[in-house]
Amino acid sequence: MIGVFDSGLGGLSVLAALVEALPRADFSYFADTAHVPYGNKSEEQIQGRVLAIGEHLASRGCGLLVVACNTATATAVQALRAAHPGIPVVGVEPGIKPAAQASRSGRIAVLATEATANSQRLKHLIRDHAGHAEVFVEPCPGWATHVEMLQLDDPALAADVRARVEPLLAMGVDQIVLGCTHYSFLAPLLKQVIGTRAELVDVADAVARQAQRLAGGLALGSGRLHLHASAYPERLYAALPPLRLGHIAARVSASPV
Ligand code: DGL
């Protein structure tokens, strides 16, 4: 079984890519809905949650872990790997490198949670992979919570998206990196604002390919999917159709971890 987790619903965007890449694998997806959002929490708090969830998924027999959360990866992927040396761990990091390579203007932007925006790991990623591109990091407080509440049509969200993205476009940014897995579900809204002025960069498919490379025999399961929430399981279930994941047939359960 492959364990996948996020602070909440955002990682479902990665799960959708994983299910497409590994249709016969068995997945256990954990949404930490009792503790979402992670983006405004301290490193210690996020690490504590990541280690508890890692332990839970490992004890359920997961042989590969996918951290479907940029914030958790930036803050705690090293601690998770150290806690489970026998289990391969795939993290999600903002697509700085593909964005820098594709940029014609030499200016790219990263939309992320506060915790990811302030992380050392993002600074190192930019130093090592942005090449000569100028990188604008834009923290987007509240966006993940809107996705979590399925308030995708809220005019206040649309206004905030415009207020954050327009100045980036005005500075000549032509690649906008989705640095939080929740933001994949805001792609239609972002595209309305951006039009043809910039491209969105989402790494979900690249993460799925990396998981495919590491899956080995785990690729050959029975295609079962278990969605588990630490609270509000009905939200997880209700999220599948509006997040365009209604085709995913899953068993849903809840309990604190
Ligand atoms: N989905 C998460 C990420 O990729 C975190 C959102 C949050 O809980 O703040 O960063």
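First listed ligand is number 1; within each ligand, the first listed atom is number 1.
- The immediate protein surroundings of ligand 1, defined as residues with any heavy atom under 4.0 Å of it, consist of Asp6, Ser7, Val36, Pro37, Tyr38, Gly39, Cys69, Asn70, Thr71, Thr113, Ala144, Cys180, Thr181, His182.
- Cys69 pairs with exactly one of Val4, Ile46, Asp6 by the side chain to side chain contact (heavy atoms under 4.5 Å, CB included) rule, that one being Asp6.
- Less than 6.0 angstrom separates the ring centroid of His56 from the ring centroid of His228.
- From Trp143, atom CH2 reaches atom CD of Gln151 across 15.0 Å, with rounding to the nearest 0.5 Å.
- The line from CD of Glu44 to CD of Gln47 is 7.0 Å long, rounded to the nearest 0.5 Å.
- Applying the 6.0 Å contact sphere to NZ of Lys191 captures no more than 12 heavy atoms from other residues, nucleotides or ligands.
- A side-chain N or O of Asp174 and one of Ser103 form a donor-acceptor pair less than 3.5 Å apart.
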